[in-house]
Amino acid sequence: MTIENYHYRNSPLFLRNQFLGDNHWKMPNVPKCTLTAEELGELRLIGYDRAKNGNDEHFQRMVHFFLYDYKFEDIWTAPEKRVEALEKYRAVLTPDFSMYLEMHPVMQLYNTFRNRWVGAYLADQGIKVVPTVNWGDESTFGFCFDGIAKGSAVAVSTYMASEHNNRKDQKDWFLAGYNEMLRRIEPSVIICYYTPFPEMQGNIVHVDYELSSWKHDEDDIGKAAAEPTEGIRIVKRTGHVIFDDFVISKGGGSAVGGEWQPSKADDGRLVGEPGDIINSNARGGYERDTVIGENGRGVVERHYSDHSTPNAHSPIHDHIIGWERGIPDFGKPVNYFDTDVPYLGYIFDLFKTGTNSVASVITKEASTMRYVHREYQFDAEEYRFKTISEFKWSIICGREIGFVYGDKTYGIIRSGDGLEDGPFELYEANNEACLQPFDTLNKLLDAEIDGIRLRNIITQVEVLWRNI
């Protein structure tokens, strides 16, 4: 054996055997965490992706890992490189490696181990550590609470279990694990990421995300601790401090989220009785017909508009709506530049692919299909994008967005076949020369309109149309 091989095979980061716990799986024990009223007072968090470089303006915060897993993989592969930065913060939550229901059981066990190992390691380096608790279904209860001392403070996230992005909540899944956690760990304090459900019991500390985000970084400058801010309040019944909205898509529950549901009035055109053709007017002023398939959801939508891009849309065009991922995925426009426009009742004949796709769900004869007209009272505030994440979600699902900025109308089209595939094309209405393709959503958001990046205006503009 060479000396190199010997050192590799005996490396602590290879063996990971430093913190053998006293439970069935030898899950590392994270020392019991006790938090004082002072440590919980005026509490804000900071994401690990912003904290790992040791920004000295925010050391009074606690570090959280409620992020996409890839953003904190380095805390597992090279934890020793992050100790110096993390040890300066008020406390560090253990990494929330995902525990999706669809994951292989061994992956769920492995991610629980990684959570505890990193927690034990950081605590061994003198850092105050708050265990983050996550779980899958009941089959994970035999290990997902191991390594956390009874009476310890803990942290949880309700985001993936909450209703968001047209998804129903997964409350039953969350509360089953949460109540089991209460029984087994009896935590003294529960730091809750995102809004607690009313049914949740315990001494819950709920911290406003908005105040913990980068938008309020300057609040900390020159202060030993964050000043009390409107938006943080105590709910005396449970001792909550509010920790508000942020859109993410990681953690626990189902990897795809809860079942899709309409989140605004206009989404109602996508559900109905099989065989219905729902006629409605979009907020942008054009007319639409949505065909409801055998599953009670829209499968084809016809737009009577070229969306101010006559090169990309015929005056009448269709979108096939897929539901394979549990969300409505509006396909690329099916144009009729040089052909007759088919009757909607028979449109499935044009899109047969040899698989059980749209052709298998639109089976009504023309005589049995029926028009249903729906009027919608459009609310400009409902259509406005509240967050960058909501904008991303809309364009991923709906492919087309129109908005007004200044005195001009702009549009965005997604041309790829997959949910997040580009190019994403930004155009000025009726000005073909202004069409700009971008490979990724982030590049699109960095595109400039009159010298201002799209990401800085998209939550302020008037939205004229969006498919979802």
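Just so it is clear, the structure is predicted and the values come from calculations on it, not from any experiment.
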Exercise for the section: Using a 4.5 Å cut-off on heavy atoms from C-beta on, say whether the side chain of K71 contacts that of F65. Expected result: no

Exercise for the section: For W135 and F174, run ring pair (Phe, Tyr, Trp, His ring centres under 6.0 Å): C-alpha distance rounded to whole Å, both residues' side-chain angles, the deciding distance at 0.1 Å, then the answer. Expected result: CA-CA 8 Å; W135 51 86; F174 179 85; 5.3 Å; yes

Problem - Candidate list D289, N279, D318, T290, test side-chain hydrogen bond (donor to acceptor under 3.5 Å, both in side chains), partner R302, passing option - result: D318

Exercise for the section: Say whether K392 and N442, considering side chains only, have a donor N or O and an acceptor N or O under 3.5 Å apart. Expected result: yes

Handout entry: Under 3.5 Å donor-acceptor, D137 side chain and S139 backbone
Key = yes

Completion exercise
Rounded to the nearest 0.5 angstrom, the CD1-CD1 distance for I292 and I278 is 4.0 Å

Exercise for the section: In plain terms, say whether E73 and R114 are close enough for a salt bridge, that is, a side-chain N and a carboxylate O under 4.0 Å apart. Expected result: yes

Practice task
State the CZ-CD1 distance between F391 and I396, to the nearest 0.5 angstrom.
Solution key: 9.5 Å

Problem - Any I395 side-chain heavy atom under 4.5 Å of F424 side chain - result: yes

Problem - From T387 atom OG1 to I458 atom CD1, the distance as rounded to the nearest 0.5 Å - result: 11.0 Å

Problem - Basic-acidic side-chain contact under 4.0 Å: K52, D74 - result: yes

Handout entry: Any donor-acceptor N or O pair under 3.5 Å, side chains E375, H373
Key = yes

Exercise for the section: Evaluate the side-chain proximity of H64 to L67: yes if any heavy-atom separation is below 4.5 Å, no if none is. Expected result: yes

Problem - Worked check of salt bridge (Lys or Arg N to Asp or Glu O under 4.0 Å) between E199 and K171 - result: CA-CA 10 Å; E199 298 88 342; K171 185 189 297 187; 3.1 Å; yes

Problem - Backbone N/O of M181 and side chain of R184: donor-acceptor pair under 3.5 Å - result: no

Practice task
May I ask you to decide if N111's main-chain N or O and N115's side chain share a donor-acceptor pair within less than 3.5 Å?
Solution key: no

Handout entry: Donor-acceptor contact present, side-chain R466 to main-chain I401, <3.5 Å
Key = no

Handout entry: Euclidean distance, W465 CH2 relative to T409 OG1, rounded to 0.5 Å
Key = 6.5 Å

Practice task
For the residue pair R283 and E462, establish whether any side-chain heavy-atom pair is separated by less than 4.5 Å.
Solution key: yes

Handout entry: Check: I46 and Y89 side chains under 4.5 Å, non-hydrogen atoms
Key = yes

Problem - K443/D446 salt bridge by N-O under 4.0 Å criterion - result: no

Problem - Side-chain (N203) to main-chain (V189) donor-acceptor, under 3.5 angstrom - result: no

Handout entry: T112 side chain vs Q108 backbone, donor-acceptor pair below 3.5 Å
Key = yes

Practice task
State plainly whether the residues E448 and R455 are in salt-bridge range, i.e. N to O under 4.0 Å.
Solution key: no

Exercise for the section: Would you give the length of the straight line joining atom CZ of F438 to atom CG of L426, rounded to the nearest 0.5 angstrom? Expected result: 5.5 Å

Handout entry: Sidechain N-carboxylate O distance under 4.0 Å for E400, R414
Key = no

Problem - Intermediate values then yes/no, ring pair (Phe, Tyr, Trp, His ring centres under 6.0 Å), Y193 and F66 - result: CA-CA 8 Å; Y193 184 91; F66 296 117; 4.5 Å; yes

Exercise for the section: Check the side chains of S280 and R374 for a donor-acceptor pair under 3.5 angstrom, ignoring hydrogens and angles. Expected result: no

Exercise for the section: Would you check if V133 and Y178 make a side-chain contact, meaning some heavy-atom pair closer than 4.5 Å? Expected result: no

Handout entry: Expected output: side-chain W173 to main-chain A161 donor-acceptor under 3.5 Å
Key = no

Problem - Test item: I191 and V156 side chains (from C-beta on) under 4.5 Å apart, heavy atoms - result: no

Exercise for the section: Please indicate whether Q460 has more than 12 foreign heavy atoms, meaning atoms of other residues, nucleotides or ligands, lying under 6.0 Å from its CD. Expected result: yes

Exercise for the section: Verify, without hydrogens or angle tests, whether S98 (side chain) and Y100 (backbone) share a donor-acceptor contact under 3.5 angstrom. Expected result: no

Handout entry: Y405 side chain to D450 side chain, donor-acceptor N/O pair below 3.5 angstrom
Key = no

Exercise for the section: Evaluate the criterion side-chain hydrogen bond (donor to acceptor under 3.5 Å, both in side chains) for residue pair T309 and N311; output intermediate values, then yes/no. Expected result: CA-CA 5 Å; T309 52; N311 61 312; 4.9 Å; no

Handout entry: Side chain to side chain, Y286 and H303, heavy atoms closer than 4.5 Å
Key = yes

Practice task
To the nearest 0.5 Å, tell me how far E180 CD sits from T140 OG1.
Solution key: 9.5 Å

Exercise for the section: Say whether, by atom type as modelled, one donor and one acceptor occur between the side chain of D276 and the main chain of E273 under 3.5 angstrom. Expected result: yes

Handout entry: Distance flag, aromatic centroids of F72 and F97, threshold under 6.0 Å
Key = yes

Problem - Verdict with supporting geometry, D96 and T132, side-chain hydrogen bond (donor to acceptor under 3.5 Å, both in side chains) - result: CA-CA 6 Å; D96 183 46; T132 301; 5.8 Å; no

